[in-house]
Participant: 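One structure coming up, written as structure tokens, with questions to follow.
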Protein chains: 2
Amino acid sequence: MREESRLMRWIWWTVVITAFFLVGFIIGWFAKPTHSNSSDDSASSRYLREFLDEMRPEKIREHLRKFTRLPHLAGTQQNLVYAEQIKEEWLKFGLDSVEMVPYDVLLSYPNKSQPNYISIVDQLGNEVFNTSLAEPVPEGYEDVTDIVPPYSAFSAKGQPEGDLVYVNYGRTEDFFQLQRQMGINVTGKIVIVRYGKIFRGNKVKNAMLAGAKGIIMFSDPEDYCAAGVQPYPDGWNLPGGGAQRGNVLNLNGAGDPLTPGYPAKEYAYRHSLEDGVGLPKIPVHPIGYHDAIHLLKNMGGQIPPNNWKGALNVSYRIGPGFTDDFKTHKVRMNIQTNNQVTRIYNVIGRIRGAQEPDRYVILGGHRDAWVFGGIDPISGAAVVHETVRSAGRLLSRGWRPRRTIVFASWDAEEFGLLGSTEWAEDNAKLLQERAVAYINADSAIEGMYTLRVDCTPSLHTLVYDITKQIASPEEREEGLSLYESWHKRDNWTNDRDAPRISKLGSGSDFEAYFIRLGIAAGRARYTKNKKTERYSSYPVYHSVYETFEIVENFYDPSFRKLQAVARVRGGLIFQLADSQLLPLDANQYAVSLSKYAQSIAQLAQMHPEEMKMYEVTFDSLFSAVENFTVAARDFHDRLETLDRTDPLQVRIVNDQLMYLERAFIDPLGLPGRPFYRHVIFAPSSHNKYAGESFPGIYDSLFDIENSANPEKAWEEVKRQISIAAFTVHAAAMTLTPPA
Amino acid sequence: MREESRLMRWIWWTVVITAFFLVGFIIGWFAKPTHSNSSDDSASSRYLREFLDEMRPEKIREHLRKFTRLPHLAGTQQNLVYAEQIKEEWLKFGLDSVEMVPYDVLLSYPNKSQPNYISIVDQLGNEVFNTSLAEPVPEGYEDVTDIVPPYSAFSAKGQPEGDLVYVNYGRTEDFFQLQRQMGINVTGKIVIVRYGKIFRGNKVKNAMLAGAKGIIMFSDPEDYCAAGVQPYPDGWNLPGGGAQRGNVLNLNGAGDPLTPGYPAKEYAYRHSLEDGVGLPKIPVHPIGYHDAIHLLKNMGGQIPPNNWKGALNVSYRIGPGFTDDFKTHKVRMNIQTNNQVTRIYNVIGRIRGAQEPDRYVILGGHRDAWVFGGIDPISGAAVVHETVRSAGRLLSRGWRPRRTIVFASWDAEEFGLLGSTEWAEDNAKLLQERAVAYINADSAIEGMYTLRVDCTPSLHTLVYDITKQIASPEEREEGLSLYESWHKRDNWTNDRDAPRISKLGSGSDFEAYFIRLGIAAGRARYTKNKKTERYSSYPVYHSVYETFEIVENFYDPSFRKLQAVARVRGGLIFQLADSQLLPLDANQYAVSLSKYAQSIAQLAQMHPEEMKMYEVTFDSLFSAVENFTVAARDFHDRLETLDRTDPLQVRIVNDQLMYLERAFIDPLGLPGRPFYRHVIFAPSSHNKYAGESFPGIYDSLFDIENSANPEKAWEEVKRQISIAAFTVHAAAMTLTPPA
């Protein structure tokens, strides 16, 4: 009996213990989350706040000061020194890895022993006037050596001599007007054009096509001086002795002219100079307005239309050549600039992504400058530096982004976006398969008015979202967000109630990433008031007067504008790298496509007769856009019910979002421009700086006017509409459920 | 005391129970797998066994019988009927979805009221001999209408008349020999060549380049009759009245000639016929050997070298023209074939992937046939049909593959791979981003000897693995695997101890997937003994004698060979779709690259002087291959320690494996062949059927011989070596850790 009861008790306790064990097991089993990396969006947004708060004006000032002390032209020793310094500091800030990535690309420098200049020569060949050999050096920099004088990089060498013809801005329409309305042929002449409105390389191309044997570009005060502002150093206007450097290539996205399509590594095959891409065949030279007066003041020929007149006290006569009094005087260009294969260095830093190391979010901007680079590019590079510092601080507090972040300090941007393009070529496969977005970081400020953003439509929503989380940098706007500040200054009147965002053109390092590879891209900077400030770019652009002091004294004394830009660029990077679902908006792409389709169809409707005759219709494009709109809406609707705890389901929709931009790439490229492959966006064929939508259709319509065979020209329009419609349809397919 | 002891006991038991609960909880916590879709490889391999076992010879026979009753040329009603039937049956078998996908492509048909033929005409223009208008119809098919007579699809129309010149197989080397050694110019002549050795389109291109105004192709018994075999229906040899149909395009991967690069949809822009891709400009016609005798027997001119002589009882004199007795006789071609934009239909079926619906494994083969298609393609289509049936059975038992499987019944393969290429163009973005592999399913049998596999190097290991799991179909080989059976018949002598696997060339529907898009691809079929059977292809190829009966009576009476091929193709698809880790082997790619690099460098070493003079070196390529080899080895080493329970980590390495083949694609394409973009593999420029490794280098070396400017030609060799080295380096990068 006692034995039995003891046995019973043991059985009892065994059962109880087992039951508790089992209950424990079951609770343990179910208590454990199925997957550990479920979204922790609240932690991420706390880190975002810390990330933005960490960026400090005084730090940005410090970075700007440090990297603008000496000239650091691409290919020079000083630019390598800065590269090494950046590498070291990025490592110190806490990046996981930083590497120097060299390429050997074609650069172009003036010949130090035979300076470039332009002369007026008399009948005996005496140089009766010579343009200046350098800009007056700003105070405090008198002892600096290695300031490269103003020149047009990649100019052909030569001493062409002849009569001048003035062609306004040297735009396509200016040359058309010259030839068709004024009846002037520039074959064998030297053209002189004012800087502004379009990329200088397009001016050079137009001059070559028109048959000119040389081209001079000058900065007119109308285009490079703001009203009521003193020339530097008393204000931020361009002094008369200042001139705009710059390359005059027509690369169309090729990168290094000698290695188009492939990275310029040691073993790379290099074309001969004659076969190089985009190199001008005529001499080119830039001058300031003091020198320009001497060339222009005695010009003869027709009186120009009013919109060809600048702000100099000269008559802006067209030529050819000088007035009767100076009939025997000619202009001679003396250009000794050399092309030279030179080593350049990108600095590439990385933060390894925690969950998706194979997804890349890139923040890239260039480091090389024509001289000091106070604005271009170091105002931007200082912002990148501060972003890296802030990210490093977060890393030290335990944060690690979901995806990999890549920081790039590009070299040789000023010589044709070479560093960024070579790296894109070198890493094309990885980028195509893995890059989520590219945020560009060139000059962070070009005016004092408000924010300016150019980006792909799928980033619009994120840009608005981020700017709402950033404080306005303007005085007397405490409590206002950057979004509100921006909105009240630059709101869209007839479209939507939001601040303006523009299309990306080119002229900076995002080009290869966006237009060639189809990676969602954007850029942000502080800008001028477009409505009231009519000058081009900013007055001292690419001159020796782009110093640290011009930023500190005029553009952003508090450095709060640069801080705001840092927060925009950094905020975009952060959200793209850390959000569980990619913050890309296909619906916004649909809205933009619809707008662009309307607009290109309207342009074609300027030829209603031919449209009928050649049976040209945009129906297929409209239908494709409609199709895309529905696919985008359905896609975002499905996201609402996505199981966010399933990492594969999340990855699959993120891949769809990432590859959306890629869907607009046509591997065959645009006609004659194999490295411009984006069917929706390309730099204008007439101005690299401007972004054109449906560029294939646009260019074919443009050619209608000038075609000897209109039927063939309209056939090309039809072909381009068909390609656009197909591409938009294909993009819609990428948004549908994958099986 | 008693109270205390009871209390103690309670405390004691509470502690014990709590401890057990905790132990239970902890065990429960850790016992639970972190993620539910961890590899269940044993379940998968059980299903593989069931999948292979389910495929039955009698079912394959049934499918073959069903789809070979009537002629079903692309673009005809009957081929649409078969398409609809396939769609219905695939749905019945259990696929998740099946759709018909139409395109409107350029096809080519004889003019029914003006048949094509070739005449010998006398001096008065009388036709003293005409070739036959059709093949004698095989027994049992006498009442069948709509048998298209032998013709060369896409031939130009015309009635050229002139002297014949015999040019052997019409290969590049044959024309070189004719022109350089024999001193014969074919300008304005009609050339006659025998079929075989190379793709007929290359013969036509060579004839055009040489200046011929027409080309006749005949089947010589030496090339289309096996020794000791009777002509059909008593055996499987080509009867004298049989002739080989086929297209004579030089598309180089363009697909529909009027819509190169884009799918031939309703809104697609179509080029004019003059601008169409690859259309021959001269008349072309095929004849059998009975007719050929009449054209050849009285030919005059030089006696040919022995290797130009076929097996007919004629002298194979070169010409031009006939012997003195028939000097006044000329040959006239009468070709009235029409090009015509015609609707074609692909059938696309899908099994949605359970975990990764956005990863596609494709099994595709064509349905259209020149006549009945007993071998080409229905022996292959029947195998696909059986694969679908077997997969459907598995689905009904609860299986669902990890990835999506796509089954395709292509149309208009015979007209230039049109159905498959248009679909690839239509879905290029999805395929580029999501396709894991493409397995081709053209004719499953072309001989009775053993297995033949052509595939990308990364599939070698899987092919060996799968064939080891399949039984030999040979009689008296019970217990032997297909691998063993294959190995003893076709082993590699000087390379490795394994059965031979060859490079992919072209000539079937994998082309756009592999060579244009860079998707890992392979094909498998039963073949002849290459060492002893010297005829081209198989004797009745593209004739009316390709019937159900030729398979049933001669090629595979038991249908076990077709079953074995079904299991190979199906097994590949299964493993690619269902393995947790993709069964792709980068190490094998490294081995192949190394072999190809050696071999192309050896070819160049045939010009040691010039190699020195022009400083041509393969060092960069060897170094890239070495780099790739290390990257591949390290990649597979890392796989050993992969945490397979982490779905993102698994996805990341699978993406690297999937994109490996893509890494060899150069978006700029091969010189002059924009749709051949694979840097490692392309169809030979001299024979579309053959695969060339490092085709860019190969072609540039070939051009050395014929270049007027050797320096420039060697520059191109150097450029191509540099592109190859870059591409291999870039591919290696895709295998390194992603961040």
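Just so we're on the same page: letters track the sequence lines, and every chain starts at 1. Being a predicted model, the structure only gives us computed values, none of them experimental.
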Participant: With a 4.5 Å limit on heavy-atom distance, are the side chains of A:Asp275 and B:Glu715 in contact?
Facilitator: no
Participant: I need the residue from B:Arg719, B:Arg352, B:Arg434 with the largest number of non-hydrogen atom pairs under 4.5 Å to chain A.
Facilitator: B:Arg719
Participant: Taking A:Ala663, A:Ala730, A:Ala428 one by one, which has the highest count of heavy-atom pairs under 4.5 Å against chain B?
Facilitator: A:Ala663
Participant: For chain B, find which of A:Ile652, A:Asp426, A:Thr734, A:Leu430 contributes the most heavy-atom pairs closer than 4.5 angstrom.
Facilitator: A:Ile652
Participant: Can you find a pair of side-chain heavy atoms, one from B:Leu668 and one from A:Phe675, that are under 4.5 Å apart?
Facilitator: yes
Participant: Can you say whether B:Asp619 sits under 4.5 Å from chain A via the side chain, the backbone, both, or neither, judging by heavy atoms?
Facilitator: neither
Participant: Hey, which of A:Lys429, A:Gln432, A:Glu433 is the one that makes side-chain contact (heavy atoms from CB on, under 4.5 Å) with B:Arg662?
Facilitator: A:Glu433
Participant: Sequence neighbours excluded, which residues qualify as side chain to side chain donor-acceptor pair (under 3.5 Å) partners of A:Glu425?
Facilitator: A:Arg516
Participant: Out of B:His271, B:Arg350, B:Met733, return the one with the most heavy atom pairs under 4.5 angstrom to chain A.
Facilitator: B:Met733
Participant: Kindly give the heavy-atom pair with the smallest separation between B:Ser722 and A:Tyr269, and that separation in Å.
Facilitator: OG-N, 3.0 Å
Participant: Check whether B:Thr404 gets within reach of chain A through its side chain, its backbone, both or neither, counting any heavy atom under 4.5 Å.
Facilitator: side chain
Participant: Atom CD of residue position B:Glu615 - does it have more than 12 heavy atoms of other residues, nucleotides or ligands inside 6.0 Å?
Facilitator: no
Participant: How about B:Arg677 and A:Pro667: do any of their side-chain heavy atoms sit closer than 4.5 Å?
Facilitator: yes
Participant: Considering all heavy atoms of both residues, which atom of B:Phe726 and which atom of A:Tyr267 are nearest to each other, and what is their separation?
Facilitator: CA-OH, 3.3 Å
Participant: Ignoring hydrogens and angles, state whether a donor on the side chain of A:Tyr262 or B:Asp666 is under 3.5 Å from an acceptor on the partner side chain.
Facilitator: yes
Participant: Working to the nearest 0.5 angstrom, can you tell me the gap between A:Leu648 CG and B:Arg402 CZ?
Facilitator: 6.5 Å
Participant: Return the option, out of B:Ile665, B:Asn427, B:Leu22, B:Asp96, with the maximum number of heavy-atom pairs under 4.5 Å with chain A.
Facilitator: B:Ile665
Participant: Where does B:Ile721 contact chain A at under 4.5 Å (heavy atoms): side chain, backbone, both or neither?
Facilitator: neither
Participant: Tell me, out of A:Glu356, A:Gln656, A:Arg651, who's got the most heavy-atom pairs with chain B below 4.5 Å.
Facilitator: A:Arg651
Participant: How long is the straight-line distance from CD of A:Gln355 back to CD of B:Gln649, given to the nearest 0.5 Å?
Facilitator: 10.5 Å
